[in-house]
Amino acid sequence: LPPDVDAAVRLYGAAAAQGYAPASSLLADVHYYGAPPTHPVAHAKAAAHLRDVLTHTSEGEPDDAYARVRALRKLGAIHRPSDAAASTAAFAAGLDTCQAHLGGHYAFLLQHDPVGLWEHLEAERLILDDVPEMIRKLSPFVSGRAGLARHEAEAALLAAAVTLRSYTNALRDTENGDRAWILRLTDESLARFPVSSDAASWGVTYLQSFMKIMGAPPVQKALAACPGVPHVVSLGSALGSSIVWPAAAFGFTGVGFDALSAAVEKSTALVGDLAGKGGEAVQGAVEFRAGNVLEAEAGVEEEIRKADIVWLNDFSWGKDSNQAVEQLCFQSMKRGAMLVLYRSPADKSLKWEIGGVVRVPLSWHPSSNVVLLRKP
């Protein structure tokens with residue numbers, strides 16, 4: 001929102017009165033998310049502006065599709081507590097528009113504007129399709145495993161590359177094309193979190209961004225000090241990429257925790273569908289559990305104590321949640337373990353060692369700072 005919200009609302013209002021749909025959309029956001037103290041959350045006002053967006057755009061016009069999907073997604077969320085039929089209709093219309101004009105369902109799934117999304121997904125696809133190059137890049141990690149003969153290492157490299165490709169393609173197909181799963185995730189998110197909350201907002205970390213973070217010298221130094229197979233714990237694991245990618249590529253073990261059972265069950269299914277020796281290896285190395293990490297459910301603290309890397313998918317969490325999770329990690333993590341954050345530390349009193357910052361593209365920011373913290 002702009003610094004002077006009141007002035008902006010006046011300008012938006014004048015433009016919206018002339019039938020300018022983008023201004024109506026901006027007004028809807030002010031009332032949907034709230035801009036205290038002068039503009040608290042007001043869903044009835046937001047809904048009126050969202051209906052104006054639909055009135056002043058065309059269902060059959062591709063250039064209007066994105067604005068209409070965003071409006072329908074918010075209208076469905078507003079209706080959910082009191083009018084399930086209206087909510088379902090709005091969600092269905094939004095997903096239909098996505099499919100007709102936007103190449104899939106990302107515009108519905110992501111609640112932020114994903115700058116460069118398609119370009120980065122295309123770059124990811126090109127990486128996955130170049131299996132020989134993937135094998136070359138994975139070779140230092142796989143060939144160095146103790147006890148592997150040359151032919152075994154070559155077979156393991158091919159299996160790792162194929163498994164990375166299979167899982168990542170299935171992950172993207174789910175995010176962009178699995179309508180039933182997207183609706184289930186949306187329903188569960190709205191049941192668990194406030195309508196205007198970003199707490200369960202979805203985000204996309206690209207494979208190339210993840211690998212850049214994992215290849216950062218502080219992370220590599222921490223991994224080199226591991227006496228055995230490195231163990232990764234992901235808090236807010238979504239569809240499991242922060243666990244599955246290192247398991248497939250490097251042979252790590254991992255456990256992912258997410259508050260939404262839709263995410264946990266789909267993560268488990270995606271891993272269960274992996275074929276071949278690479279798939280079998282991942283299936284034996286990773287696990288996903290449903291639970292609130294702040295309520296000591298599902299053995300969270302126990303897994304954090306074993307972790308060499310703790311990965312927080314925290315880009316949309318509130319400050320209080322960020323502080324609480326950071327405190328839990330600081331109390332539980334072993335010396336030398338790394339904590340990965342999508343933001344600056346929220347609790348400045350904790351005496352982490354700053355490992356560094358890695359700048360990578362993510363769906364919510366084209367050049368985001370990922371912060372690496374080491375437990376002293």
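Since this is a predicted model, take the numbers as computed values, not measurements. Basis for what follows: all heavy atoms, side chains included, without hydrogens, waters or symmetry-related copies.
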Run the numbers on Arg184 and Glu265 for salt bridge (Lys or Arg N to Asp or Glu O under 4.0 Å), then give the verdict.
CA-CA 11 Å; Arg184 183 189 168 194; Glu265 291 171 16; 2.8 Å; yes

For [Y], is there an ion pair with [X] - N to carboxylate O distance below 4.0 angstrom?
X: Glu302; Y: Arg305; answer: no
X: Arg343; Y: Glu326; answer: yes
X: Arg289; Y: Glu287; answer: yes
X: Glu188; Y: Arg192; answer: no

Could you tell me whether the side chain of [X] and the main chain of [Y] form a donor-acceptor pair under 3.5 Å?
X: Tyr32; Y: Val195; result: yes
X: Lys375; Y: Phe330; result: yes
X: Glu124; Y: Leu207; result: yes
X: Asp314; Y: Trp317; result: no
X: His365; Y: Ser367; result: yes
X: Glu61; Y: Asp63; result: yes
X: Asn369; Y: Arg359; result: no
X: Asp308; Y: Leu223; result: no
X: Thr55; Y: Arg51; result: yes
X: Thr97; Y: Ala93; result: yes

Treat each ILVMFWY residue as a node, draw an edge where side-chain heavy atoms are under 4.5 Å apart, and state whether [X] and [Y] are in one component.
X: Val53; Y: Leu26; result: no
X: Leu126; Y: Leu121; result: no
X: Tyr20; Y: Leu50; result: no
X: Leu350; Y: Ile354; result: yes

Quick check: closest heavy atoms across [X] and [Y], and the distance to 0.1 Å?
X: Pro361; Y: Ser209; value: O-OG, 2.6 Å
X: Thr57; Y: Ala21; value: CG2-CB, 3.7 Å
X: Thr163; Y: Ala248; value: CG2-CB, 4.0 Å
X: Glu175; Y: Ile182; value: O-CD1, 3.3 Å

Once side-chain contact (heavy atoms from CB on, under 4.5 Å) is applied, do any residues pair with [X], and if so which ones, sequence neighbours excluded?
X: Arg80; value: Ser87, Thr88, Phe91, Asp187, Leu190
X: Lys348; value: Ser344, Pro345
X: Glu59; value: Arg68

Could you check whether any side-chain heavy atom of [X] comes within less than 4.5 Å of a side-chain heavy atom of [Y], counting everything from C-beta outward?
X: Thr253; Y: Val286; answer: no
X: Trp245; Y: Phe250; answer: no
X: Arg125; Y: Asp129; answer: yes
X: Asp29; Y: Lys74; answer: yes
X: Trp311; Y: Val370; answer: no
X: Phe288; Y: Ser237; answer: yes
X: Val115; Y: Leu117; answer: no
X: Leu171; Y: Ser241; answer: yes

Is it true that the NZ or CZ of Arg73 lies under 6.0 Å from the centre of Phe108's six-membered ring and within 45 degrees of the ring axis?
yes

May I have the list of side-chain donor-acceptor pairs in residues 38-48 shorter than 3.5 Å, sequence neighbours left out?
unit_1 : atom_1 : unit_2 : atom_2 : d
Thr38  : OG1    : Asp6   : OD1    : 3.0
His39  : NE2    : Asp6   : OD1    : 2.9
His43  : NE2    : Ser196 : OG     : 2.6

In terms of relative ring orientation, are Trp118 and Tyr106 parallel, tilted or perpendicular, with 30° and 60° separating the classes?
perpendicular

CG of Leu95 to CG of Leu109, rounded to nearest 0.5 Å, is 9.5 Å

Do Ser363 and His112 pass the side chain to side chain donor-acceptor pair (under 3.5 Å) test, and can you show the C-alpha distance, the side-chain angles, and the key distance before you say yes or no?
CA-CA 8 Å; Ser363 68; His112 52 273; 2.8 Å; yes

Assess whether ring-ring contact (aromatic ring centres under 6.0 Å, His included) is satisfied between Trp364 and Tyr342, documenting all intermediate values.
CA-CA 11 Å; Trp364 58 95; Tyr342 282 115; 5.1 Å; yes

Counting only heavy atoms not in Lys221, do more than 12 fall under 6.0 Å of its NZ?
no

With distance as the sole criterion, is a donor-acceptor pair present between the side chains of Gln99 and His105 under 3.5 Å?
yes

We want to know whether His49 and Ser25 form a side-chain donor-acceptor pair, criterion being a heavy-atom distance below 3.5 angstrom.
no

In short, side chain to side chain donor-acceptor pair (under 3.5 Å) pairs touching residues 268-283 with sequence neighbours left out are none

Pairs where residues 82-110 contributes a residue and the test salt bridge (Lys or Arg N to Asp or Glu O under 4.0 Å) is met, not counting sequence neighbours:
Asp96-Arg179

